[in-house]
Amino acid sequence: MIRAVRLVLFYGALTVAGLFMLLPFLWSLSTSLKPDDEIIALPIKWLPGSITFEHYRSAFTTVPFARHFANSMLLAVGGVVTNLVLGSLAGYAFARLPFRGSRLLFRVLLASMMVPAVVTLVPSFLIVKNLPLAGGNDLAGQGGVGLLNTYWAVLLPGAVGAFAVFMMRQFFLALPKDLGEAARVDGCPEFRIFWRIYLPLCRPALATLAVFTFVAGWNGFLWPLIVLNDPDMSTIQMSLAAFSFNKQTDYGPLMAGSIVAMLPTLLLFAFGQRYLTRGLAFTGSGIQ
C-alpha cells in the first residue's frame, strides 16, 4: 500500500512538472490560433474562443518564411554532415591512433569548450571577411567581402566543433580495442578499420551528435545575423525577429511562426529519443 502511494505521488509530481514545462508551448499554440482581439484580452483567455489560421497565413506572407525555413534546414543539415564526418574522424584519431602530443592537443581542445562563443565572434568575422581569394579578395585577403553573404560563412566556422570531437572520442574509447588490432593483423588499412568496423558501432553516438548539432544549427541566430545581410539568405530565427518592429510585436504571426519553427526539432527528438539515451550513456565511459 505504501509503495503504491509513493508511486502515485512520484508520477503525479512528474505529471505536474511535465505540464508546467509544456505550458509555454501550449500558450504559444493557443495564441497562434486566437483572433487578434483575444490575444491581448483581459482577463487572459487560455483557450481560443474561435479558432483561426489567419496568423499562419500571415507568417508565410508577411516575410518569405518558406525560403527562410529552407535556408535554416540547409544550414542545419550541412552542419550535421560536416560534424559527423569530421568529428568522427578526429575522435577516432584521438582514441585509437597514438601520436606525439595527442593528450596535450586533446586538453587544448577541451579548454576551447570553456571559451564563450561571443568571445570568438569578432575574430571569426575577420577571418571570414578576409579569407584570401574569396569574394573578390586578393591573396592578402583585401579588396572584397570574403565569404560574407554566403552559406559557407555559417557552415565553415561550425564545420566541426570541440564537442563533436570529444563525444566521438569518448564513444570510440568505449568500444573494444581488440577489434582494430585483429583487423591490423590481417592487413586491413586504418581507414577501412575506421569505416567498416568502428563507425557502424557508433550509430547511437552519431545519432545523438546529429540531434545536438541540428538543434544548435537550427536555433542559430547571432552568427547568421552578423554574416548574412542578404534578406533572401536569412534563417528562420531571423525571420521570427522580423515580427517585432518599431517597439511593437505582432504576436499572432510570431507565435504561428514559432510553432512552425519548433516542428523539425520536435520530430527529431520524438524519433531519435532512444538513440539519444544510448549515445549519452556510452559517452561518459572511457574518459582518460
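Model, not experiment: these values are computed from the prediction.
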Would a distance-only check, ignoring hydrogens and angles, find a side-chain to backbone donor-acceptor pair under 3.5 Å from [X] to [Y]?
X	Y	value
S124	L121	no
N83	L209	no
E38	K45	no
N130	N137	no
W152	V128	no
N229	N149	no
D250	F243	no
S30	L26	no
D186	C188	no

Distance check, rounded to the nearest 0.5 Å: [X] atom [atom1] versus [Y] atom [atom2]?
X	Y	atom1	atom2	value
H68	Q237	NE2	CD	12.0 Å
L89	F191	CG	CZ	6.0 Å
I127	L156	CD1	CG	11.5 Å
L228	Y151	CG	OH	8.0 Å
L225	M238	CG	CE	5.0 Å
L263	L268	CG	CG	12.5 Å

Smallest separation among heavy atoms of [X] and [Y], with atom names:
X	Y	value
L240	S258	CD2-N, 3.7 Å
S72	T235	OG-CB, 3.2 Å
A134	L147	CB-CD2, 4.0 Å
A162	S112	CB-OG, 3.7 Å
T52	P35	CG2-N, 3.7 Å
S244	T249	OG-OG1, 3.2 Å

Is any side-chain heavy atom of [X] closer than 4.5 Å to a side-chain heavy atom of [Y]?
X	Y	answer
P224	S234	no
L179	L201	yes
Y198	S88	no
M167	F163	yes
K34	I51	no
M168	L84	no
F171	L206	no
T82	L155	no

Taking everything shown except [X] itself, do over 12 heavy atoms lie less than 6.0 Å from its [atom1]?
X	atom1	result
R184	CZ	yes
L9	CG	yes
F60	CZ	yes

Any chain of hydrophobic side-chain contacts (each under 4.5 Å) joining [X] to [Y]?
X	Y	answer
M21	F269	no
V211	F166	yes
L133	L126	no
L74	W223	yes
F125	V122	yes

Self-check item: Listed once per pair and sorted, the ring-ring contact (aromatic ring centres under 6.0 Å, His included) pairs that draw on residues 20-40, sequence neighbours left out
Solution: W27-W46
Between [X] and [Y], how do the two ring planes meet: parallel, tilted or perpendicular, split at 30° and 60°?
X	Y	result
F172	Y92	perpendicular
Y56	F53	tilted
F69	W218	perpendicular
F99	F94	tilted

Exercise. Would you sort out whether E54 and R57 count as a salt bridge (Lys or Arg N to Asp or Glu O under 4.0 Å), showing the intermediate values?
Key: CA-CA 5 Å; E54 180 64 22; R57 187 192 67 82; 2.4 Å; yes
Quiz item: Run the side chain to side chain contact (heavy atoms under 4.5 Å, CB included) check on R96 and L173 step by step: do they pass?
Solution: CA-CA 8 Å; R96 294 291 178 232; L173 285 176; 4.2 Å; yes
